[in-house]
2 protein chains.
Amino acid sequence: MFRIGELAKECEVKADTLRFYEKHGLLSPSMRSESGYRLYTEQDAERLRFILRAKAVGFTLSEITELLSIDLDKSNWACADVKGMVDIKLANVEEKIAELNHFRVSLQRLSDACCGGPESAEHCSILEALESNVEVKCENHSHDHGETEYKTSCKLKG
Amino acid sequence: MFRIGELAKECEVKADTLRFYEKHGLLSPSMRSESGYRLYTEQDAERLRFILRAKAVGFTLSEITELLSIDLDKSNWACADVKGMVDIKLANVEEKIAELNHFRVSLQRLSDACCGGPESAEHCSILEALESNVEVKCENHSHDHGETEYKTSCKLKG
DNA sequence: CTTGACCTTAGATTTAACTCTAAGGTTTAT
DNA sequence: ATAAACCTTAGAGTTAAATCTAAGGTCAAG
């Protein structure tokens with residue numbers, strides 16, 4: 001049995017957050033002490049960890065509520081319903097991964113096009129790409145910066 | 001040249017949102033008409049699309065501002081700075097992808113363990129897993145549901 | 001020359017998810 | 001037996017990112 005502050009510390013959230021989750025039906029302590037203190041079981045803690053994992057990955061609290069709340073009402077749901085929900089979330093996650101991958105590729109391309117040296121960013125491929133949103137092209141620091149102690153490199157050039 | 005409503009419609013945002021972005025320094029129209037109407041160029045539109053792409057993938061507006069604002073101040077940044085920022089965002093994105101993958105695997109495991117049929121969810125592997133957060137184990141609908149017109153399947157069983 | 005669709009500003013409201021405040025009761029340690 | 005650290009509730013405040021409202025100016029069509 002944890003008191004609210006203990007569970008909060010254990011899971012690195014604020015006690016306020018746990019009260020908030022309770023108010024919103026995500027997580028209620030299994031017991032109260034005589035004096036009314038919340039008492040959380042290890043199961044409660046597991047549930048909290050699930051919530052936090054789900055949250056860390058971009059689920060909203062209402063999505064998490066939805067995911068967890070079927071449980072209160074089990075017998076009125078079929079496996080198909082439950083699996084359907086999971087599969088929708090799964091599709092969401094896959095979509096997000098795809099979006100992130102798209103962006104990761106863009107960022108990688110930007111990163112690769114920039115020499116990353118101490119030259120002024122005035123001719124930086126990254127900034128040019130952000131400005132014009134055209135295809136990333138490679139830097140060529142051939143103009144004189146007054147700096148000659150290193151070479152620029154560009155992975156796109158090979 | 002687009003007026004605010006045209007650009008908004010084109011990019012599927014509200015005109016309000018564009019004013020909001022302007023107020024927060026993300027995107028200003030290149031011109032104003034005589035009567036004070038905002039006039040956006042194709043470049044402005046590209047910039048908006050970049051913002052929206054970044055947003056779709058989980059960047060906050062202030063991260064986007066940061067990413068875009070270096071541009072106003074180019075000569076005071078070195079390529080190293082710019083590339084550094086991009087690489088930090090890249091690492092963020094990769095981290096998010098990793099988190100999402102972790103979750104995707106969990107969801108997939110849940111999905112695979114559930115027969116997905118019309119049986120009551122009272123013995124649903126998914127709900128049991130959410131409840132107890134223990135390892136997903138396979139459903140066995142051997143008890144009588146009064147439903148016999150199909151077989152349950154479980155990918156974990158093979 | 002007016003109707004309707006558009007635009008302007010400033011500022012209030014919304015939603016999600018906390019986070020904090022006030023006013024007080026409980027537990028533990030000294 | 002009292003201070004410090006905890007807990008209670010109700011309700012207000014915060015932040016991000018819009019979204020809406022009010023009060024009015026502009027513009028093209030009939």
Side-chain angles (χ1 to χ4, degrees), chain A residues 1-41 44-45 47-69 89 92 96 99, chain B residues 1-41 44-45 47-69 89 92 96 99:
Chain A
M1 294 298 205
F2 314 90
R3 293 201 309 194
I4 196 169
E6 290 163 347
L7 180 58
K9 182 167 290 177
E10 167 120 351
C11 290
E12 299 180 288
V13 297
K14 299 264 167 73
D16 279 333
T17 302
L18 297 182
R19 291 193 200 94
F20 177 83
Y21 287 171
E22 184 174 345
K23 190 158 70 185
H24 289 75
L26 282 117
L27 176 69
S28 298
S30 295
M31 304 189 53
R32 291 283 184 138
S33 73
E34 302 242 313
S35 52
Y37 285 15
R38 288 166 179 83
L39 293 175
Y40 295 89
T41 63
D44 296 333
R47 190 178 169 105
L48 175 58
R49 282 182 210 110
F50 181 89
I51 292 168
L52 297 177
R53 250 182 280 126
K55 221 176 65 64
V57 103
F59 282 95
T60 65
L61 294 193
S62 72
E63 283 174 333
I64 297 171
T65 301
E66 201 184 355
L67 218 51
L68 291 172
S69 70
K89 302 302 172 197
N92 288 349
K96 271 186 192 170
E99 281 172 3
Chain B
M1 292 298 203
F2 314 90
R3 291 199 310 193
I4 196 167
E6 290 163 347
L7 180 58
K9 182 167 292 180
E10 167 118 353
C11 291
E12 299 179 288
V13 297
K14 299 264 166 74
D16 279 333
T17 302
L18 298 182
R19 291 193 201 95
F20 177 83
Y21 287 172
E22 182 174 347
K23 190 158 70 183
H24 289 75
L26 282 117
L27 177 69
S28 297
S30 296
M31 302 189 54
R32 292 281 183 141
S33 74
E34 303 242 313
S35 52
Y37 286 15
R38 288 166 179 82
L39 295 174
Y40 296 89
T41 62
D44 296 333
R47 189 179 170 105
L48 175 58
R49 282 181 210 111
F50 180 89
I51 292 167
L52 297 177
R53 248 181 281 125
K55 220 174 68 64
V57 102
F59 282 96
T60 65
L61 294 193
S62 73
E63 283 173 334
I64 298 171
T65 302
E66 201 184 355
L67 218 52
L68 291 172
S69 71
K89 302 301 173 199
N92 288 350
K96 271 185 192 171
E99 281 172 4

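Convention: sequence-line order gives letters A, B, ...; per-chain numbering from 1.
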- Heavy-atom side-chain contact between B:H24 and B:T65 under 4.5 Å: no
- Task: Please answer whether the main-chain N or O of A:L26 pairs with a side-chain N or O of A:R47 as donor and acceptor at a distance below 3.5 Å.
- Result: yes
- Message: Please enumerate all residues that pass ring pair (Phe, Tyr, Trp, His ring centres under 6.0 Å) together with A:F2, with sequence neighbours excluded.
- Response: none
- Is the closest side-chain heavy-atom distance between B:F50 and B:L68 below 4.5 Å? yes
- Message: Quick check on DNA chain C: between B:K9 and B:D16, whose nearest nucleotide comes earlier from the 5' end?
- Response: B:K9
- Message: Just to be sure I understand the rule, does A:R38 reach a base, reach only the sugar-phosphate, or reach nothing, if contact means heavy atoms closer than 4.0 Å?
- Response: sugar-phosphate
- Should B:Y21 and B:V13 count as side-chain neighbours, where that means a heavy-atom distance under 4.5 Å? no
- Query: Taking CG from A:L48 and P from C:dC18, how many angstroms apart are they, rounded to a whole number?
  - Reply: 11 Å
- Query: Could you give the CZ-to-C1' distance, from B:F2 to C:dC7, as a whole number of Å?
  - Reply: 17 Å
- Note on the structure: By nearest-nucleotide position on DNA chain D, the 5'-leaning member of A:R32 and B:F20 is A:R32
- Do A:E6 and A:E10 come within less than 4.5 Å of each other through their side chains, counting heavy atoms only? no
- Whole Å only: how far is the CG atom of A:L27 from the P atom of C:dC18? 12 Å
- Rounded to whole Å, NZ of A:K23 lies from P of C:dC20 at a distance of 15 Å
- Note on the structure: Separation of C:dC7 atom P from B:Y40 atom OH, nearest Å, is 10 Å
- Does the side chain of A:R3 reach to within under 4.5 Å of the side chain of A:L39, using non-hydrogen atoms? yes
- Item | Close side-chain approach of B:E22 to B:L27, heavy-atom, < 4.5 Å | no
- Check: B:L48 and B:Y40 side chains under 4.5 Å, non-hydrogen atoms: no
- Would you give a per-nucleotide map of nucleotides 24-30 of chain C, 5' to 3', where B means the base has a protein non-hydrogen atom under 4.0 Å away, S means only the sugar-phosphate does, and - means neither? -BBS---
- Note on the structure: Here the distance between atom C1' of C:dA16 and atom CD of A:E63, to the nearest Å, is 12 Å
- Task: Using chain B heavy atoms and a threshold of under 4.0 Å, write down where along DNA chain D the contacts begin and end, 5' to 3'.
- Result: D:dA17 to D:dC27
